[in-house]
Amino acid sequence: MVFGNTIEAPKKGVKSAKKKQPQQQQQQQQQQQEVNPLFEKRPKQSGIGGALPPKRDLTRFVKWPKVVQIQRRRRILKQRLKVPPAVNQFTKTIDKNLATQLFKLLLKYRPEDRAAKKQRLLQKAQAEAEGKTNKAQLVVIAHDVDPIELVVWLPALCRKMEIPYCIVKGKSRLGAIVHKKTAAALCLTTIKNEDKFDLSKIFEATKVNFNDKFDEVRKKWGGGIMGSKSQDKAKAKQGLLAN
């Protein structure tokens, strides 16, 4: 090795890399020559009469069942059509964290077995006959009730009666609390003392997000979302009118 004006001799025991290269090439050539002739390497040809073509994503060319086609058309149609404010308010639900807290508390108030339920209903009927009724403390409404006419009047009634209400995702989640497949709405009439603090936070959040915003929500229409082609045409038309 040469550094400036000094010349250093190669160290002992260190072989140059140039001598190894011919040896490696010879070993590779020997391995290539030792290939078994019974199994020759033949590249695949996907032409006519050749090997099978590789797998491709053919979902675009699949003829989907009629049920799937109807579901997709219905979803697009719901985006295109304008939705009245009374129906559009069910698209806005409580957030995930508040929903988990709410359902944890609702599980504590699940209905009892048949015998206890029968006794409770008898006591309730006697109280109603005497004119004693319990006012609802909280109303929980499902967002996907079909037909929607079953619950479309509940938010206005809750606001008139000054009862906090909220809209949650999934009528099946409400049904699981009352041992049913689905449930349109639930209400709490009595609250235990140990749960009053936790429920007070939920009451405040529901009043702010639903009861206090009722006037704003009932004026806001939903839907009317057009496709990309229609939006481009509308933009082009606006540009021409502007010019």
Side-chain angles (χ1 to χ4, degrees), residues 74-109 124 128 131-178 180 182-193 195-228 230-231 234-235 237-238 241:
R74 187 182 295 167
R75 184 184 63 186
I76 294 169
L77 191 63
K78 285 181 178 179
Q79 292 177 354
R80 302 288 183 269
L81 294 175
K82 287 189 176 181
V83 183
V87 180
N88 186 48
Q89 64 180 336
F90 290 94
T91 58
K92 298 177 182 179
T93 58
I94 59 176
D95 58 348
K96 188 177 180 181
N97 295 329
L98 188 62
T100 51
Q101 294 177 9
L102 177 61
F103 279 98
K104 280 181 182 178
L105 289 170
L106 288 176
L107 286 171
K108 295 182 180 179
Y109 297 90
K124 183 180 178 181
E128 287 179 355
K132 298 177 181 178
T133 57
N134 291 330
K135 187 179 179 180
Q137 302 293 324
L138 176 67
V139 178
V140 185
I141 310 167
H143 86 294
D144 55 348
V145 179
D146 189 22
I148 196 68
E149 287 82 1
L150 293 172
V151 293
V152 75
W153 49 272
L154 263 177
L157 180 63
C158 291
R159 184 176 178 276
K160 184 179 180 181
M161 301 293 292
E162 297 181 353
I163 298 171
Y165 74 95
C166 62
I167 300 169
V168 297
K169 286 185 177 180
K171 58 185 178 182
S172 58
R173 296 172 72 188
L174 294 182
I177 294 172
V178 293
K180 300 285 185 182
T182 57
L186 299 178
C187 73
L188 286 174
T189 55
T190 56
I191 299 170
K192 298 177 183 177
N193 292 327
D195 297 330
K196 283 185 178 180
F197 179 73
D198 295 332
L199 282 171
S200 63
K201 296 180 180 178
I202 297 173
F203 291 163
E204 291 176 3
T206 52
K207 280 186 177 181
V208 170
N209 294 325
F210 293 94
N211 290 67
D212 296 343
K213 291 184 178 180
F214 184 78
D215 292 331
E216 180 185 346
V217 167
R218 68 177 182 176
K219 296 177 183 178
K220 192 172 183 180
W221 284 68
I225 301 171
M226 304 306 294
S228 59
S230 299
Q231 290 178 4
K235 287 180 181 178
K237 189 176 181 180
Q238 288 177 1
L241 292 172

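Computation of the quantities below employed the complete heavy-atom set of this structure, encompassing side-chain atoms and omitting hydrogens, waters and symmetry-equivalent molecules.
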Pair up each side-chain donor or acceptor in residues 147-159 with any protein partner under 3.5 Å, not counting sequence neighbours, and list the distances.
| from | atom 1 | to | atom 2 | distance (Å) |
| --- | --- | --- | --- | --- |
| W153 | NE1 | L150 | O | 2.9 |
| R159 | NH2 | D215 | OD1 | 3.4 |
| R159 | NH2 | D215 | OD2 | 3.2 |

Only counting residues at least two apart or in another chain, list the ones meeting side chain to side chain contact (heavy atoms under 4.5 Å, CB included) with [X].
{"X": "K196", "answer": "I191, N193"}
{"X": "V178", "answer": "P111, K180, A183, L186"}
{"X": "L107", "answer": "R110, I177"}
{"X": "N88", "answer": "V83, T91"}

Discussion item. Show me the pairs that pass salt bridge (Lys or Arg N to Asp or Glu O under 4.0 Å) and involve residues 199-208, at least two apart or across chains.
Written reply: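 Output for this query is empty, none listed.
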Item to complete: Just grab all the ring-ring contact (aromatic ring centres under 6.0 Å, His included) pairs involving residues 155-175, residues at least two apart or on different chains.
Response: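 Every ring-ring contact (aromatic ring centres under 6.0 Å, His included) pair that includes a residue of residues 155-175, provided the two are not neighbours, is Y165-F210.
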To check you understand the geometry: which heavy-atom pair defines the closest contact between [X] and [Y], and what is its length?
{"X": "W221", "Y": "K82", "answer": "CE3-CB, 4.2 Å"}
{"X": "I94", "Y": "C166", "answer": "CG2-CB, 3.9 Å"}
{"X": "Q89", "Y": "F214", "answer": "OE1-CE1, 4.2 Å"}

Fill in: Heavy-atom side-chain proximity of L174 to V168 below 4.5 angstrom
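Yes - at least one pair of side-chain heavy atoms lies under 4.5 Å apart.
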Discussion item. Using the side chain to side chain contact (heavy atoms under 4.5 Å, CB included) definition, which of the options N209, V208, I202 pairs with T206?
Written reply: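 Going through N209, V208, I202 one by one, the side chain to side chain contact (heavy atoms under 4.5 Å, CB included) with T206 is satisfied by I202 alone.
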Worksheet entry | With C187, the side chain to side chain contact (heavy atoms under 4.5 Å, CB included) member among L138, V140, V139 |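 Per the side chain to side chain contact (heavy atoms under 4.5 Å, CB included) rule, the option paired with C187 is V139, out of L138, V140, V139.
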I'd like to know if the side chain of [X] and the backbone of [Y] have a donor-acceptor N/O pair within less than 3.5 Å.
{"X": "Y109", "Y": "T189", "answer": "no"}
{"X": "D144", "Y": "K171", "answer": "yes"}
{"X": "R80", "Y": "I225", "answer": "yes"}
{"X": "Q231", "Y": "M226", "answer": "yes"}

Worksheet entry | Residues that D195 engages under salt bridge (charged side-chain N to carboxylate O under 4.0 Å, His left out), provided they are two or more places apart |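 D195: salt bridge (charged side-chain N to carboxylate O under 4.0 Å, His left out) contacts with K108.
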Practice prompt. To the nearest 0.5 angstrom, please state how far the NZ atom of K169 sits from the CZ atom of R173.
Written response: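 Output value for this atom pair is 9.5 Å.
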Item to complete: Any chance you could measure I141, atom CD1, to I167, atom CD1, to the nearest 0.5 Å?
Response: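 The distance works out to 5.5 Å.
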N/O donor-acceptor pairs under 3.5 Å from side chains in residues 96-106, not counting sequence neighbours:
| from | atom 1 | to | atom 2 | distance (Å) |
| --- | --- | --- | --- | --- |
| T100 | OG1 | K96 | O | 3.3 |
| T100 | OG1 | N97 | O | 2.6 |

